[in-house]
There are 2 protein chains.
Amino acid sequence: MQVNDRKMKVLQAIVDDYVTTNEPVGSKTLIERHNFPVSSATLRNDMAELERMGLIEKPHTSAGRIPSDRGYREYVDSLMTVDQLTEEEREDISRRIDTTVYEARDLLKNASAALSETTGLVSLVMTPRLAGSSLLQLKLLMIEPGKALVVMVLSAGVVKDKVVRIPNFLTPEQLKDISDSVEKSLNGKPLDEITLVTLATSVKTTKIPDSLLNQVLYETYTAIKQADRLDVYLEGEHNMLKLPDFSELRRAQNLLGTLSHDGMVAGYVNEIEKEKTGGDDTYMIRIGQEIALEGLEDCSFITTTYKIGDTISGNIGVIGPKRMDYSKVISQIDFVRYKINEQIKNING
Amino acid sequence: MQVNDRKMKVLQAIVDDYVTTNEPVGSKTLIERHNFPVSSATLRNDMAELERMGLIEKPHTSAGRIPSDRGYREYVDSLMTVDQLTEEEREDISRRIDTTVYEARDLLKNASAALSETTGLVSLVMTPRLAGSSLLQLKLLMIEPGKALVVMVLSAGVVKDKVVRIPNFLTPEQLKDISDSVEKSLNGKPLDEITLVTLATSVKTTKIPDSLLNQVLYETYTAIKQADRLDVYLEGEHNMLKLPDFSELRRAQNLLGTLSHDGMVAGYVNEIEKEKTGGDDTYMIRIGQEIALEGLEDCSFITTTYKIGDTISGNIGVIGPKRMDYSKVISQIDFVRYKINEQIKNING
DNA sequence: GATTAGCACTCTTGTTCTTCGAGTGCCAAA
DNA sequence: TTTGGCACTCGAAGAACAAGAGTGCTAATC
């Protein structure tokens with residue numbers, strides 16, 4: 001139907017205009033900027049209809065229209081076209097990421113910084129989801145009497161460690177004995193299948209009294225459990241203050257206040273990930289009210305998945321105002337993800 | 001001299017009032033709130049004199065006075081009385097810090113969070129200065145062909161590690177050989193005395209070709225050098241948005257923008273530390289223009305030193321508006337430092 | 001039925017003007 | 001040295017007003 005076609009074009013034009021100008025867009029400006037082959041009165045009718053459909057709304061009677069959350073959703077789902085970055089843009093991002101790093105963690109930090117700088121928004125990087133990855137090595141190193149370092153090597157070369165307490169009089173030899181035994185019994189096991197019970201029953205060493213052994217095993221277990229904790233790194237929060245969307249102090253306060261609770265953000269992104277339907281290279285987009293976190297009603301999340309090897313993955317993305325250039329940001333995230341995956345191969349290759 | 005006494009009392013009253021009310025204080029309100037045994041006209045004369053001395057200033061002709069940077073300085077140096085925290089306050093802080101952690105790093109993060117929450121300001125924690133600490137252990141662990149983990153144990157049980165590249169065909173045994181040799185040659189050396197040259201000349205192992213050895217040594221060296229990098233953790237930036245001092249968006253932008261450059265802040269705190277004159281439990285205070293960082297003209301730094309063992313120390317403190325309750329904040333920092341030192345002893349004892 | 005011109009109406013934004021009040025500086029007297 | 005008194009300054013807050021952008025609706029037109 002031609003009419004509906006035009007209505008959608010109008011919605012698209014409204015989103016495009018509003019995103020760039022940050023001003024409610026009226027029928028007249030719409031005509032001026034996009035060359036619709038109809039009059040402003042017709043557009044007014046269309047806009048009234050779009051409003052009835054819940055896709056746009058007006059801040060007050062005599063202002064233009066702005067997209068509603070559902071309007072953005074429609075835009076993102078059906079109207080938007082994602083285009084390639086220019087060569088310069090790609091090079092710019094590459095330059096920011098391509099420093100020689102040998103640890104996934106550093107690479108992700110680089111990528112996060114690059115993402116926040118190029119988008120001018122808040123970048124978000126989740127640490128890799130390690131629960132499903134396998135424990136390839138585990139070593140207990142004596143640091144000093146009573147303290148040991150648990151070093152774990154997981155699939156795809158991810159390394160984690162933690163300092164733990166051990167009985168004071170345990171000798172380095174005894175520790176090594178336990179270490180070897182633990183390593184042997186856990187070798188290749190996925191992290192989330194390791195429980196204190198399996199650990200205690202499978203480790204056998206006759207030379208060390210059970211009470212000591214159990215204490216070490218317990219500490220080792222806590223180290224393993226801690227290894228798969230999900231963290232989130234946010235960067236570029238101050239960028240939000242530059243956006244007119246948060247020029248009202250209250251909004252900025254709410255936003256940054258909520259973002260300071262890393263755990264909440266991490267949890268939410270994790271949830272989004274679970275609800276994901278598409279493949280690894282699809283985007284998860286949450287707009288405005290769709291976001292269940294207080295203070296983020298005027299924001300959108302765009303996240304996607306990066307991979308470390310075949311088994312380990314994590315999320316990367318941005319948090320920005322609803323009123324953002326979705327298309328551009330998506331291609332930026334896409335390219336950053338591409339760079340991450342590429343570099344991870346370098347590190348692990 | 002009695003007169004000067006009163007003038008200083010006036011300055012003190014102005015600072016106290018301004019800090020609590022955030023409003024320029026005039027002669028009349030001064031009389032009302034503090035019971036000066038003189039008339040408002042007399043205070044006006046005193047204030048004119050204080051202004052001539054550069055200790056207070058007026059935002060505009062018909063407003064009251066506010067302390068100048070030098071006024072705050074005078075207040076902090078000579079007028080302020082630091083009083084003990086109440087039992088509840090101490091308990092509150094204790095509760096926030098006293099979780100069982102076995103790594104200094106985690107303890108410091110806890111402390112930082114506690115500090116930012118109790119002060120309502122931005123807390124600042126520097127990683128410990130490790131340059132002067134000694135290398136007690138160094139191990140190279142094979143992660144997978146071509147990748148090794150350098151684990152370093154420094155004085156006072158501080159552990160650092162880094163993943164490095166090694167030649168692909170190096171065997172675990174060869175790596176162990178190098179590792180033992182490196183450890184023997186560096187044992188007990190202060191980090192900052194270790195150079196690539198000393199490393200290369202002192203390590204002897206006949207079984208491995210020089211070119212391979214040197215590559216490993218170089219990577220080990222970078223790991224050692226990276227270990228003593230100073231980082232800074234800032235927490236509670238969003239608190240600043242709640243303060244009326246930064247209700248002007250521009251100020252908030254500048255502030256958060258600058259604080260996002262971790263390196264700059266770290267460098268500056270490091271500088272302050274160098275200029276320090278008193279002992280470890282004294283405070284370093286920098287007020288307004290004294291701070292050489294752009295965007296922090298309306299802020300003050302208060303930092304002090306925590307210790308890990310006898311040789312290692314670091315800084316902890318807050319960044320807040322010039323207009324803050326110096327006395328209160330100082331006693332809060334003091335108590336947090338006390339808790340850190342206490343807990344570190346627990347960890348290392 | 002879709003489109004358009006026209007027009008009355010609404011509501012924000014910016015400007016100007018005014019008033020109010022807190023605070024100052026200074027003078028002359030105590 | 002202190003004080004009462006007074007003229008003066010300046011920002012904050014509010015009222016009044018005009019301008020402008022945009023809408024909805026109606027009646028005519030394609």
Side-chain angles (χ1 to χ4, degrees), chain A residues 1-11 13-15 17-18 20-68 71 244-245 247-248, chain B residues 1-11 13-15 17-18 20-68 71 244-245 247-248:
Chain A
M1 187 69 176
Q2 257 213 328
V3 177
N4 271 326
D5 262 20
R6 195 187 56 220
K7 261 190 224 122
M8 286 303 135
K9 282 226 172 85
V10 171
L11 174 57
I14 290 176
V15 174
D17 270 25
Y18 183 59
T20 54
T21 65
N22 188 31
E23 257 157 37
V25 16
S27 52
K28 229 168 184 171
T29 33
L30 217 44
I31 290 276
E32 275 167 28
R33 267 194 279 251
H34 312 258
N35 34 13
F36 284 101
V38 292
S39 76
S40 67
T42 310
L43 290 195
R44 276 204 289 285
N45 291 334
D46 287 351
M47 288 161 84
E49 177 65 14
L50 283 171
E51 187 169 358
R52 235 165 288 133
M53 295 163 70
L55 297 175
I56 59 177
E57 54 199 24
K58 39 183 180 222
H60 56 260
T61 322
S62 73
R65 303 302 217 294
I66 62 176
S68 68
D245 310 71
S247 61
E248 275 173 65
Chain B
M1 186 73 174
Q2 258 213 328
V3 176
N4 269 328
D5 263 20
R6 194 186 59 217
K7 261 192 221 116
M8 286 305 136
K9 282 226 173 88
V10 171
L11 174 58
I14 290 175
V15 175
D17 268 25
Y18 183 60
T20 54
T21 65
N22 189 32
E23 258 157 36
V25 13
S27 51
K28 227 168 184 171
T29 32
L30 216 44
I31 288 279
E32 275 168 27
R33 267 196 279 250
H34 312 259
N35 33 14
F36 283 101
V38 291
S39 77
S40 68
T42 309
L43 290 194
R44 276 204 290 285
N45 290 332
D46 287 352
M47 288 161 85
E49 177 65 15
L50 283 171
E51 188 170 358
R52 236 167 286 132
M53 294 163 70
L55 297 175
I56 59 178
E57 55 199 24
K58 39 184 182 222
H60 54 261
T61 322
S62 74
R65 303 302 216 294
I66 61 174
S68 68
D245 310 72
S247 61
E248 273 173 67

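Naming: A, B, ... by sequence-line order, numbering from 1 per chain.
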Can you check the [X] [atom1] to [N] [atom2] distance for me, whole Å?
X       : N      : atom1 : atom2 : answer
B:Ile31 : C:dA22 : CD1   : P     : 16 Å
B:Asp17 : C:dA22 : CG    : C1'   : 15 Å
A:Phe36 : C:dT3  : CZ    : P     : 13 Å
B:Arg52 : C:dT24 : CZ    : C1'   : 13 Å
B:Asp46 : D:dT3  : CG    : C1'   : 13 Å
A:Leu30 : C:dT4  : CG    : P     : 14 Å
A:Glu23 : C:dT13 : CD    : C1'   : 11 Å

Problem - Side chains of A:Leu11 and A:Arg65 in contact at under 4.5 Å (non-hydrogen atoms) - result: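 Sidechains of A:Arg65 and A:Leu11: no contact.
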Handout entry: Polar side-chain atom of B:Thr21 near backbone of B:Asp17 as donor-acceptor pair, under 3.5 Å
Key =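 Checking the backbone N and O of B:Asp17 against the side chain of B:Thr21, a donor-acceptor pair under 3.5 Å is found.
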Practice task
Report yes or no: does A:Ser40 contribute a side-chain atom to a donor-acceptor pair with the main-chain N or O of A:Ser27 at less than 3.5 Å?
Solution key: no
Handout entry: Distance (rounded to the nearest 0.5 Å) between B:Asn45 CG and B:Leu50 CG
Key =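 Those atoms lie 11.0 Å apart.
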Handout entry: Phosphate OP1/OP2 of C:dT4: any A:Ser39 side-chain N/O under 4.0 Å
Key = yes
Exercise for the section: May I have all residue pairs that pass salt bridge (charged side-chain N to carboxylate O under 4.0 Å, His left out) and include part of residues 52-61 of chain B, sequence neighbours excluded? Expected result: B:Glu49-B:Arg52, B:Glu51-B:Lys58
Handout entry: Nearest heavy atoms of A:Tyr18 and A:Pro67, plus distance in Å
Key =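 Scanning both residues completely, I find the closest heavy atoms to be CD2-CD, 3.5 Å.
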Exercise for the section: Could you run through nucleotides 9-30 of chain D and give me one letter per nucleotide, 5' to 3': B if any protein heavy atom sits under 4.0 Å from the base, S if only the sugar-phosphate is that close, - if neither? Expected result: BBS---------BSBB------
